[in-house]
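Below, read A as the first sequence line, B as the second, and so on, with proteins coming before strands; counting in each chain starts at 1. Bear in mind the structure is a predicted one, so any value in this text is a computation, not a measurement.
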Amino acid sequence: MNIFQFYKDQFCDLLKDNKYNCNYEKISVEPPKQTSFGDLAFNAPLILAAEFKKNPLEIGSEIAELIKKKFKEFENIDVAKPGFINLKLKSNFWISYLSDFNTHNKKIPSSKKKINIEYVSANPTGPLHVGHCRGAVYGDVLANLLSFVGEDVTKEYYINDYGNQIHMFSKSVFARIQEIKENIKFPLDQGLYPGHYLIEIANNIIKKKLITDISNYEKIKDQLGSAAMSEAMLMIKSDLLALGIQHDLFVSEKDLVSKDLISKTIEILNQKQCIYEGVLEKPKGNEIEDWEPRSQLLFKSTRFGDDVDRALKKSDGTWTYFANDVAYHAYKLERKFDKYINVLGADHAGYLKRLKACVDALSDFKADFECKTCQLVKLFKSGEPYKMSKRAGDFITAKELVKAVGVDAVRFMMIYRSNDSQLDFDFDLVTEKTKENPVFYVQYASARIHSVLRKTKFDNSVFEKSHLGLLTSNVEIELVKKLSLWQKTIELAARNLEPHRIPYYLYDLSSSLHSYWNLGKEDSSFKIIENPDINLVHARVFLLNKILSVIKSGLSILGVNAPETM
RNA sequence: GCGCUCUUAGCUCAGCUGGAUAGAGCAUCGGUUUUCUAAACCGAGGGUCGGUGGUUCGAGUCCACCAGAGCGCACCA
């Protein structure tokens, strides 16, 4: 239960019943700035004061009286300075809260939202590199989070397996095959993909006998292209698996093209009068040598908030990449989701407005379509920027990163910052086994609790919950209060698509746990296991179990392991 | 030139649909251990929230302008 939401609803009903009408959207029940203020801060006096043109403190004491009359679980109700009502819940409220605490909220099936989330969608021309990792993890954690709060999530990958780059890729693989089979040196001056992974792809194609006759490139290029791409996709899927990611659906651009979806979609836009033949202005700023004014088929994206209209056809008359993408989004819309999320790298941010524009055009502004970008990741090693290898086409792959620091560290750290902020990723820090490493710190909390569970062999089912009343110390009640922030945290994270709130919360909870743990060193009455009162031991273990369940749930949303021992 | 994102403690960053005295970690300084996992804990100092205006009872949060950083800017994908 989210107690803040619960009391907000309760208090709003109370206000309504007593004719305190206002914009209830503005009313909030939140944790106060300082714990000394109590457990809940209710801002109604500030909102009502404006509405009723009265002193907030005066209204505050009226409402405080109403609350006092109706609710018995508050130990203290104060009206404070600018116009807050601060409420402190009795400790027996927290005890019963703990007793019923659950990490999940049941969601009524009818309120489930169908959500499509597209992420990674890296080109099928080679393995994932480190630059893909952040968006990949962000998208995946978001998917986990939305599933956790009860939504129906489809994880989607769009494969750009069509167009020029695929020809170049296929030529490159061909050159590598020639190099292997006929000792023809790989040409470095023809703009081919130089990366070493192409050798691996070439070898696989030879090994699997996917292509045997290499005498005439033109004759086999389509077959070779498909073979090379499916090899590349195998690489990507294996990289994703190493990152703990599995998509539900892979949509192929080539399929959309072969189903003639592009011209069909463009015709829809045409009927909506969003298409015209026109000439784009020369972009300012960066000089383009071979620029020439050109009449092209254009999408009127400026009507939907874009900066310029966008080309749908190239000068040779074929569809642009964007035209295909419009069709892809039409295909998404056709499948009727309640919400569409698209995760992109910061380097594609410039693409965002035209995507939104085409979705708005196709859906008549009805689709809930949101693009999220992830800022770049800067790699560090012991505080120094990490230099990538200079060899052309060589980069740190996702797999190398996972191999170097482990999937837990990669996932946790990639999500540890707001997606809008650039991220420093330090290879050394994330493998340290000290509290400086947040991954370790949270996992250590899990291991500590497990160690207690092992020693006490405590059986939840035989525990008499009435003994929870033995948890009388302030720190224990504070721990329960911290647990109560869990629901709020995931709801906020899910609503705003901000999964970074979860590791922050877990860090905070772990810190409270470690702190609690160490009390026993100063004062043996705080020892959890070595305590004469067996019922108190059980009550404390019950509390630890609930903390563990939150840590486990949180880490499972992040896709990070919660270890039993370390 | 235009667009998107960022600017909060020495460093790296949180900060909820605008709310009370702006929070963590690192670093610095000082304490706690014959351990229920010290791979931990406790304490101290440290701030003109990039700048200037505006909106209002109230702005780190919203708006405008300015400055700095990152990313991107026909037909590629």
inquiry  = Base of B/A77, side chain of A/N324 - is there a donor-acceptor contact under 3.5 Å?
reply    =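 There is none.
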query = Does a distance-only test, which skips hydrogens and angles, find a donor-acceptor pair under 3.5 Å between the side chain of A/W291 and the base of B/A74?
reply =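 Donor-acceptor pair under 3.5 Å: yes.
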query = Residues two or more places apart in sequence or in another chain: which of them pass side chain to side chain donor-acceptor pair (under 3.5 Å) with A/R354?
reply =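 A/R354 satisfies side chain to side chain donor-acceptor pair (under 3.5 Å) with no other residue.
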message = Once you apply a heavy-atom cut-off of 4.0 Å, does A/I47 come out as touching a base, just sugar-phosphate, or nothing?
response =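 Base contact - A/I47 has a heavy atom under 4.0 Å of at least one base atom.
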query = What does A/A41 touch in the nucleic acid at a heavy-atom separation under 4.0 angstrom: a base, only the sugar-phosphate, or nothing?
reply =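 Base, at least one base heavy atom under 4.0 Å.
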key: Proximity to RNA chain B (any heavy atom under 4.0 Å), residues of residues 520-527 of chain A only   =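 Listed by number, they are A/G520, A/K521, A/E522, A/F526, A/K527.
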query = In residues 528-542 of chain A, what residues come within less than 4.0 Å of RNA chain B, judged by heavy atoms?
reply =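 Here the set is A/I528, A/I529, A/E530.
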ask   = Taking the six-membered ring for Trp, are A/H132 and A/H129 parallel (under 30°), tilted (30 to 60°) or perpendicular (over 60°)?
value =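 Judged by the thresholds at 30° and 60°, the geometry between A/H132 and A/H129 is tilted.
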key: Shortest non-hydrogen contact between A/I236 and A/P124, atoms and distance   =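 Nearest pair, atom of A/I236 first, then A/P124: CD1-CA, 4.0 Å.
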key: Letter per nucleotide, 5' to 3', of nucleotides 12-18 of chain B [B base touched, S only sugar-phosphate touched, - untouched; heavy atoms, 4.0 Å]   = BSSSBB-
Which atom pairs link the protein and nucleotides 42-49 of chain B when you take only N or O atoms and keep those under 3.5 Å?
| from | atom 1 | to | atom 2 | distance (Å) |
| --- | --- | --- | --- | --- |
| B/C42 | OP1 | A/S515 | OG | 2.7 |

Nucleotide B/C75, atom P - distance to NZ of A/K314 in whole Å =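 That distance rounds to 10 Å.
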key: Integer-rounded Å distance: B/G72 P and A/R354 CZ   =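 About 14 Å, once rounded to whole Å.
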key: Dot-bracket encoding per residue of RNA chain B, Watson-Crick/G-U cut-off under 3.5 Å, | denoting interstrand   = (((((((..((((.....[...)))).(((((.......))))).....(((((..]....))))))))))))....
ask   = Looking only at atom P, what distance separates B/U5 and B/C63, rounded to whole Å?
value =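 It works out to 10 Å between them.
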